[in-house]
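Structure first, commentary second.
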Number of protein chains: 2
Amino acid sequence: MTKKQKKSAYLDPLHSIGYLSRINFRAFNKALEQLIAPHKVSQGQWRFLRVLWEENGLTQKDLSDRVGITEATTVNGVLGLEEAGLVTRRKSKVDARKMMVRLTPKARSLRNKLIPMVVKVNEQALKGIKKKDIVVARRVLTQTFNNLTSEDD
Amino acid sequence: MTKKQKKSAYLDPLHSIGYLSRINFRAFNKALEQLIAPHKVSQGQWRFLRVLWEENGLTQKDLSDRVGITEATTVNGVLGLEEAGLVTRRKSKVDARKMMVRLTPKARSLRNKLIPMVVKVNEQALKGIKKKDIVVARRVLTQTFNNLTSEDD
DNA sequence: TACATTTGCTTAGGTTGCAAAGTAAATTTA
DNA sequence: TAAATTTACTTTGCAACCTAAGCAAATGTA
């Protein structure tokens, strides 16, 4: 293990927020996927459901914004949910460009089963970490995201 | 916007470390991609180069471990690097199962051009954040990763 | 030496993501 | 009202992941 450039260690790519975000993202995904797999819901689908549980009847644009992905990706995901019988897609009568995505009863009934699992993943991830530090970490991650996205230089 | 369950806000999926990791991972990727694109290097390739610059001549297994991906993914990535003339792949003479990956002079010469760009992305991301908080965030992310991966329940 | 296991690489197939370009409906502008 | 623009969705093609299953070389065991 070579260990040069000790000075700016907090910029070290191998321990950067970027690297840590990537491996954490995968770890969270995997943990969640394993928990919810018995319900035939993928982690990708879960992300849409989570948002729709908060507010049912969104356009694909709104869904995209809230999940944090592009509309192109949303199309695929929502089509999958439709196939699985978890959402319906219908053109808005008010604005024919809009595609309204609504939960089916089946999806609504999944809520109380799936939410606790997400909570569980979070609890496992955060075990032994001080709440104060978690708050700091969340603030830092929010800030880095904003720094990289809003102020496009 | 509904706002129930205020109590366990630090478990709120929409502001969880998992969610923040995901959007940060993409933001870092995108920022880096844009900077290094002129050099015909993708962010995926950059991850291998970064490790090889630290230690040249690794097996695909070692590369996978250090980059944090599976060997299956590494095969693809390294084949791409070979096509781009950035690495060579040769069977180890000591152990014929091993595929040694080595940088070409071309890749070695890229180092001094690319590293500063990564540093730049990090600097942009961390702008205005206290070093102390960054240290906390890195520790939290390392811990959540360990919590989710090592202690498989 | 023969058989079983481990290790490292590869292939095949699927998921989640993106950008770019295209379509159709709504809105703005002239 | 006609033309230009914007908005929302879609399609296409690609990148970067993964898991599962398989192969071949090395190693361990009897």
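Proteins come first, then strands; the chains are lettered A, B, ... in the order of their sequence lines, and each starts at number 1. Because the structure is predicted, anything quoted here is derived from the model rather than measured.
- Look at Thr70(A) and you'll find a side-chain N or O under 4.0 angstrom from OP1 or OP2 of dC18(C).
- Protein atom CG of Leu81(A) is 9 Å distant from nucleotide atom P of dT16(C), rounded to whole Å.
- Lys93(B) has its NZ atom 19 Å from the C1' atom of dA26(D), to the nearest Å.
- Proximity of Lys30(A) to the phosphate of dT19(D): a side-chain N or O atom is located under 4.0 Å from OP1 or OP2.
- The CD atom of Glu33(B) sits 7 Å away from the P atom of dA16(D) (whole-angstrom rounding).
- Nearer the 5' end of DNA chain D, as judged by each residue's closest nucleotide, is the contact made by Asp95(A), out of Asp95(A) and Ala96(B).
- For the side-chain hydrogen bond (donor to acceptor under 3.5 Å, both in side chains) with Gln60(B), the lone residue among Glu71(B), Arg89(B), Lys98(B) that qualifies is Arg89(B).
- OP1 and OP2 of dA8(D) both lie 4.0 Å or more from every side-chain N or O belonging to Arg89(A).
- For the pair Gln43(B) and dA16(D), the criterion of a side-chain N or O lying under 4.0 Å from OP1 or OP2 is met.
- Across the protein-nucleic acid pair, Phe25(A) atom CZ and dT15(C) atom C1' stand 10 Å apart, rounded to whole Å.
- Closest to the side chain of Met99(B), out of dC9(C), dG17(C), dT10(D), is dC9(C).
- With rounding to whole Å, Asn76(B) atom CG is found 15 Å from dT19(D) atom P.
- Taking 4.0 angstrom as the limit, Arg22(A) places none of its side-chain polar atoms (N or O) nearer than this to OP1 or OP2 of dG17(C).
- Taking side-chain N and O atoms only, Gln45(B) has no distance below 4.0 Å to OP1 or OP2 of dA15(D).
- Between Arg111(B) and Pro116(B), the shortest heavy-atom contact is O-CD, 4.1 Å.
- Ranking dC9(D), dC18(D), dA20(C) by closeness to the Lys61(A) side chain, first place goes to dC9(D).
- Toward the 5′ end of DNA chain C lies the nearest nucleotide of Val67(A), the other residue of the pair Val67(A) and Val94(A) mapping further downstream.
- In summary, of the residues considered (Tyr19(B), Phe28(B), Phe25(B)), a ring pair (Phe, Tyr, Trp, His ring centres under 6.0 Å) with Phe25(A) occurs for Phe25(B) alone.
- Residue Ser42(B) places its side chain closer to dA16(D) than to any other of dC9(D), dA16(D), dA19(C).
- Evaluated for a side-chain hydrogen bond (donor to acceptor under 3.5 Å, both in side chains) with Ser64(B), the options Thr70(B), Thr73(B), Thr74(B), Thr59(B) yield exactly one hit, Thr74(B).
- Note on Thr59(A): only backbone sugar-phosphate atoms sit closer than 4.0 angstrom, heavy atoms only; bases stay farther off.
- At whole-Å resolution of the value, CZ in Arg47(A) and P in dT16(C) are 8 Å apart.
- Nucleotide dA25(D) holds its P atom 7 Å from the NZ atom of Lys91(B), rounded to whole Å.
- With hydrogens and angles disregarded, a donor-acceptor distance shorter than 3.5 Å links the side chain of Thr142(B) to the backbone of Arg138(B).
- For the pair Lys98(B) NZ and dT7(C) C1', the computed distance is 9 Å after rounding to whole Å.
- Checking dT11(C), dC9(C), dA16(D) against every side-chain atom of Arg26(A), the shortest atom distance belongs to dA16(D).
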> Taking it one step at a time, do Lys127(A) and Gln143(B) satisfy side chain to side chain contact (heavy atoms under 4.5 Å, CB included)?
Replying inline: CA-CA 9 Å; Lys127(A) 200 186 296 180; Gln143(B) 187 65 52; over 6 Å; no

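- Residue contacts shown for Glu71(A) include a base, since a base heavy atom lies under 4.0 Å away.
- Each of dA8(D), dA26(C), dG8(C) was ranked by its minimum atom distance to the side chain of Arg97(B); first place goes to dG8(C).
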